[in-house]
Structures are given as C-alpha cells and as structure tokens.
Amino acid sequence: MADLVPTLLRPGETILNKYRVERFLGRGRFGEVHLVENVPMARYSALKVVVVKDPATQRAVVEAQAHSLCGHDHVVEIRSADVFDGSVLIEMEFVEGGSLGDRLQREFVPVLDAIAYVKSVLYALEHAHARGIVHRDVKPGNIMLAPRGAKLSDFGTVIHPGSGIRVTDEFYRPHASPEAANDGEFSPASDVFAAGLTLLRAANNMSDEWERLLADPIAWRRAVADGVLPARIGYADWVPGGLRRVINKACARDPADRYPGAVAFRQALERLRPERRWLRLSADEWACDRDGRAETVRYVPGRRPGVEFRSGSRRVTDRCGQFDTEREARRWLGRVLAETTLAGSAPRRQVRRPRTPASDVFA
Amino acid sequence: MKALGFNIKKGELWFCVLEGDRAAPAFLAQDRHRFDAEQPRTGLAHFFKQTFGEVIDHTKPDLLAYRVSLDANGADQVAYLCYPFGILNLIAHERGTPIREFVTQSFSKRALGFAGDKLDACDARISNPPPKWGRDGKLAALAAWMALDG
C-alpha cells in the first residue's frame with residue numbers, strides 16, 4: 001500500500017532547477033526514490049530523498065562515499081548530493097532492471113543467477129572493505145540488476161570502523177550477524193554473513209516466505225541474536241549441496257568460522273562450476289538449456305507418482321524414477337535438480353534405481 | 001620499489017609481490033585466485049578485470065609484471081592464457097602504472113644472476129620466501145623480480 005502514502009515529490013515537479021520528477025520508484029526505511037530527469041545534463045537518474053536531522057552532514061558523508069566507492073563496476077554510481085528542504089537528495093545511476101528483491105517477487109530466479117549476483121556484490125564489498133568501509137545493509141533490495149551484472153546500492157548505513165565515522169546507528173537487523181546484532185561489532189565478516197543470508201534467500205527464492213518470517217518480530221529477533229536464522233530458514237530441495245556448504249560457512253555463527261572476507265567467499269563461489277540453469281516453469285516442471293539442448297525434469301502424478309528427466313528427446317533413465325508417495329517423488333525431483341545444477345560440486349552418489357523399470361512407467 | 005607479478009595457468013591466477021631491487025629482491029606476499037576456464041569469454045574477461053583491480057588495490061604496487069605463456073594450443077587456451085593480459089595492460093594504462101611483459105625465456109641465468117635452475121633461483125636469491133612455494137607462484141615471482149630494475 002506504499003503508493004497510497006503521499007510522496008515527498010510529485011511527478012512533473014522540478015526540484016533545484018535541475019531535476020524533473022518522472023515517477024515514484026519506491027520507498028525504503030530511509031526515504032523514497034524517484035525517477036527524475038536531470039535536465040541540464042540530459043540524463044535520467046534515480047533520486048533518493050532522505051529526511052534527516054542534519055542534512056548538511058549527511059550530504060558531506062554521501063559525497064565522500066561517492067568519491068571513495070564510485071567508479072567500481074558493481075557499485076551503483078552516486079552522481080551528486082544536494083540539501084533541499086530539510087532532506088538530502090542523492091542523485092544515483094538509474095538501474096532499469098530493478099533490484100534482486102523486485103525480481104524475487106516477480107519471478108523465479110535460477111540458482112545460477114543468484115550465485116552470479118552475489119559474486120558481483122562480493123566484488124563491490126571487497127572494494128568497500130579495502131577502503132575500510134562496512135556496508136551493513138546487504139540484502140536483495142539493495143542489489144540492483146544492471147544489464148552487465150549486479151550492483152550494490154544504498155551506502156546510507158555504512159560505517160568506517162577505523163575512524164569510527166557513521167551517519168546512522170541503523171542497520172538491516174534481519175541480516176545482522178550475531179556479533180553485530182548483540183554487541184554492535186561490525187566488520188567485513190558481518191557483511192560476509194549478510195551476503196551469505198542474501199544468497200540463501202535468493203537461492204531459495206524466498207519472497208512471501210521472508211515477509212511471513214518477519215511478521216513475527218520476537219521470533220526472528222531471537223533467531224538473529226542467536227545466529228540461527230539461516231538454519232531456521234533451511235534450504236529448498238533444489239539448492240545444490242556444494243552451494244549449501246558455502247552458504248553455511250558464510251553464515252557461521254562464530255566469525256572465526258566464516259570466510260575471512262568477501263574475496264574468500266567469492267573464491268569459494270568461483271569454485272562451484274555452473275552446469276544447468278534450471279528454471280521453474282511450474283511446481284511440477286523445470287527446464288534448462290544445456291549446450292543448446294533443451295532439458296526438462298518433471299513430476300508425473302499418478303497412482304505411483306514419478307519423476308521424468310529428458311535431455312532433448314532422450315529420457316535419462318538413471319534420473320527418472322517411480323515412487324510410492326508424492327512426497328518421495330518430489331524429494332527425488334529436488335535431489336535431481338540439486339545434483340545437476342553444478343558440475344562436480346559433490347561426489348557423485350550411487351543413483352537410486354526406481355522400483356519399477358522406468359520404461360514400464362512412462363511407456 | 002614494489003612489483004606485482006602475475007602468472008596464469010588453467011583455472012588459476014597466481015600473483016606474487018616483491019620489493020627491493022633486482023639484486024636484492026624480498027618476498028612480500030603471494031596467492032592465487034581460481035577461475036572457471038570454461039566459462040564464456042565475457043565472463044572470463046569480467047573475472048580478470050575485477051580480480052586484477054582487486055589485487056592491485058590490495059597490494060598497491062609501484063609496477064606490474066606478468067609472464068605470458070606461449071603454450072596455448074587453441075582459441076580456448078588463448079582466451080584464458082593470453083587475453084587476460086590485454087585487460088591487465090588496460091588497467092595499467094588507466095592507473096598510470098608501469099607494466100612489463102616476460103616469457104619463460106626471459107628468466108635466463110644471466111638475467112637472474114644465478115647459475116642454476118630459475119625456480120631454484122627464487123629460493124636462493126629472494127629473501128624471506130614462503131615455506132611452501134610451487135612452480136606457478138615462482139613464475140609470478142620471477143616476473144615481479146625481473147621488473148624490479150624498472
């Protein structure tokens with residue numbers, strides 16, 4: 001219902017004699033974002049309006065961040081910052097593809113896409129960490145999907161632990177590591193935790209489930225404080241074992257057990273070799289294109305439910321099966337997806353043979 | 001003077017940082033980044049652009065060096081053995097950092113001032129070497145070493 005709340009800027013309005021407001025894009029905890037045309041520069045931008053007590057200080061920090069961080073391929077460019085009517089106006093690069101959070105709400109995001117997005121963001125985090133900056137707000141809503149890869153956005157909550165500089169005490173608590181949530185200890189390791197949780201949500205394709213989880217603040221706050229939120233979320237059946245191990249390490253409760261930084265986390269993701277970009281067509285059917293050949297795996301209902309895997313027109317019999325219950329069949333479907341998404345990410349297990357020869361089942 | 005040397009083999013980007021001069025090189029750091037050599041060219045180019053930038057940001061060298069392999073047998077090998085150094089040269093150009101190119105034959109006994117094998121020269125002539133040091137790390141070190149005379 002956010003669009004029913006009056007916005008700070010109206011379409012058609014001209015601000016500071018340079019921004020013509022086109023349309024409202026969205027609202028966050030710290031303000032709202034509009035698509036504007038920077039008329040003198042003849043370019044479209046996203047204009048973030050942040051209402052703060054001390055806009056001049058905020059503006060100075062934003063400009064400093066812009067100088068320090070921008071120019072990186074995976075950081076959303078900050079073009080300028082102005083003070084206007086008690087607010088800070090931050091002109092940013094407009095990324096047409098929206099955020100990963102938007103995409104998760106809109107459609108199924110293949111696991112391989114989720115890995116690629118988080119790898120891009122880890123480059124950006126490493127860039128920030130190398131400059132002593134901790135982001136503190138890594139989440140799907142702050143990962144913008146540009147045509148040439150994901151970009152990390154919204155550095156409004158950053159801190160610089162070396163100097164103690166911070167603009168706000170706010171941070172994204174649901175993604176906070178236990179040491180950050182309990183003791184206010186923010187470091188590159190806490191960003192690694194948040195990036196791991198972001199990857200978990202994206203690989204699981206959590207959208208409505210995440211909202212439902214946040215609807216019980218006492219439960220999730222306790223889980224965050226105990227560092228058990230990732231374990232409580234768990235994994236969707238289709239998430240590969242190799243990826244689960246990487247996320248588990250990124251989201252380890254003890255910072256000493258986590259990847260020491262964004263580079264190590266990204267390198268672990270780099271070692272996962274993508275093989276099939278499975279797309280969920282429906283709850284029963286998945287498809288991918290592998291080296292130009294269409295592959296499908298689907299749940300086949302019936303008195304004895306089954307799973308059928310096809311590569312082109314060929315049935316891959318050792319991936320097919322027939323089961324006594326729907327639950328068993330769906331578990332097998334998830335296992336097939338998980339084991340075929342990555343190449344060599346896990347030792348190949350002995351394939352479970354169907355109880356009835358598959359040729360009899362799908363004849 | 002601090003030199004950062006790179007060496008690439010299939011699936012691994014090695015780098016080594018040395019300081020000092022050609023006559024007295026000192027080891028500072030080495031590491032490797034793994035990559036998927038079979039990914040599309042665009043993905044490879046992106047990996048190398050980001051990773052070179054990241055390593056340079058971290059190590060802050062005065063100059064860059066690399067060993068280019070002449071062993072590529074086909075376009076796929078050229079893509080990961082040779083193309084990346086085009087990207088490295090562009091980064092060096094953008095940052096205004098001097099860069100030197102070497103091939104294995106550049107690491108001659110005369111150039112190293114060492115009568116034995118070039119890999120043994122790394123242990124014998126570079127001070128504070130790491131306890132475990134393989135061939136690929138040493139080839140990156142040799143590139144950095146040869147660049148140290150400016």
Side-chain angles (χ1 to χ4, degrees), chain A residues 67-75 112-113 115-133 146-152 188 240 242-243 246 259-277 289-292 341-345, chain B residues 2 4 6-17 28-61 64 75-76 79-80 83-84 86-88 90-97 134 136-137 140:
Chain A
H67 283 117
S68 177
L69 295 169
C70 287
H72 190 276
D73 287 348
H74 296 295
V75 174
L112 297 189
D113 289 10
I115 294 173
Y117 294 149
V118 172
K119 269 162 54 175
S120 295
V121 163
L122 290 168
Y123 278 119
L125 282 177
E126 175 54 23
H127 183 68
H129 295 164
R131 286 153 181 77
I133 291 169
R148 287 181 298 161
K151 295 187 172 205
L152 186 59
L243 179 59
V246 173
Y259 294 109
V263 175
F265 185 8
R266 184 181 52 74
Q267 286 208 60
L269 292 176
E270 211 73 63
R271 285 195 285 273
L272 304 176
R273 288 162 44 216
E275 190 160 71
R276 289 180 178 85
R277 184 176 171 271
D289 180 282
R290 189 181 180 220
D291 300 332
T341 298
L342 301 171
S345 61
Chain B
K2 190 156 75 168
L4 169 60
F6 289 100
N7 172 48
I8 297 176
K9 65 181 279 195
K10 185 176 183 181
E12 293 178 7
L13 167 66
W14 285 84
F15 68 89
C16 181
V17 189
L28 288 181
Q30 71 149 6
D31 205 348
R32 73 171 165 185
H33 287 251
R34 290 196 180 92
F35 62 93
D36 176 9
E38 284 156 17
Q39 64 186 297
R41 306 279 194 266
T42 48
L44 269 177
H46 175 257
F47 167 84
F48 281 105
K49 183 187 176 203
Q50 297 301 325
T51 307
F52 282 139
E54 197 173 272
V55 173
I56 294 167
D57 279 349
H58 253 296
T59 55
K60 299 180 175 55
L64 300 168
D76 286 346
Y80 63 78
Y83 289 3
I87 295 167
L88 183 62
L90 180 61
I91 292 171
H93 173 70
E94 285 172 351
R95 295 181 181 228
T97 309
D136 299 299

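Chain naming here is simple, since letters A, B, ... match the order of the sequence lines and numbering starts at 1 in each.
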>> Set out, in order, the CA-CA distance, both residues' side-chain angles and the distance that settles side chain to side chain contact (heavy atoms under 4.5 Å, CB included) for B:Gln39 and A:Arg273, then state yes or no.
In response: CA-CA 9 Å; B:Gln39 64 186 297; A:Arg273 288 162 44 216; over 6 Å; no

>> What verdict does the side chain to side chain contact (heavy atoms under 4.5 Å, CB included) test give for A:Val263 and B:His33, after you've listed the backbone C-alpha separation in whole Å, the side-chain angles of each residue and the deciding distance to 0.1 Å?
In response: CA-CA 9 Å; A:Val263 175; B:His33 287 251; 3.5 Å; yes

> Which is it for A:Arg131 and B:Asp57 under the salt bridge (charged side-chain N to carboxylate O under 4.0 Å, His left out) test, yes or no, and what are the steps along the way?
Replying inline: CA-CA 9 Å; A:Arg131 286 153 181 77; B:Asp57 279 349; 3.5 Å; yes

>> As a quick check of understanding, evaluate side chain to side chain contact (heavy atoms under 4.5 Å, CB included) for B:His46 and A:His74, giving each step before the final call.
In response: CA-CA 11 Å; B:His46 175 257; A:His74 296 295; 2.5 Å; yes

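Around the NZ atom of B:Lys49, the shell of radius 6.0 Å holds no more than 12 heavy atoms that belong to other residues, nucleotides or ligands.
With values rounded to the nearest 0.5 angstrom, A:Glu275 atom CD is found 10.5 Å from B:Glu38 atom CD.
With a threshold of 4.5 angstrom between heavy atoms, B:Thr42 does not approach chain A through any atom at all. In this structure, chain B has no heavy atom under 4.5 Å from any part of A:Arg148.
Of all heavy-atom pairs between B:Arg34 and A:Gln267, the closest is N-OE1, 3.4 Å. Between A:Glu270 and B:Phe35 the shortest heavy-atom distance is CG-CA, 4.1 Å.
The residue from A:Arg266, A:Lys119, A:His72 that alone fulfils the side-chain hydrogen bond (donor to acceptor under 3.5 Å, both in side chains) condition with B:Gln50 is A:His72.
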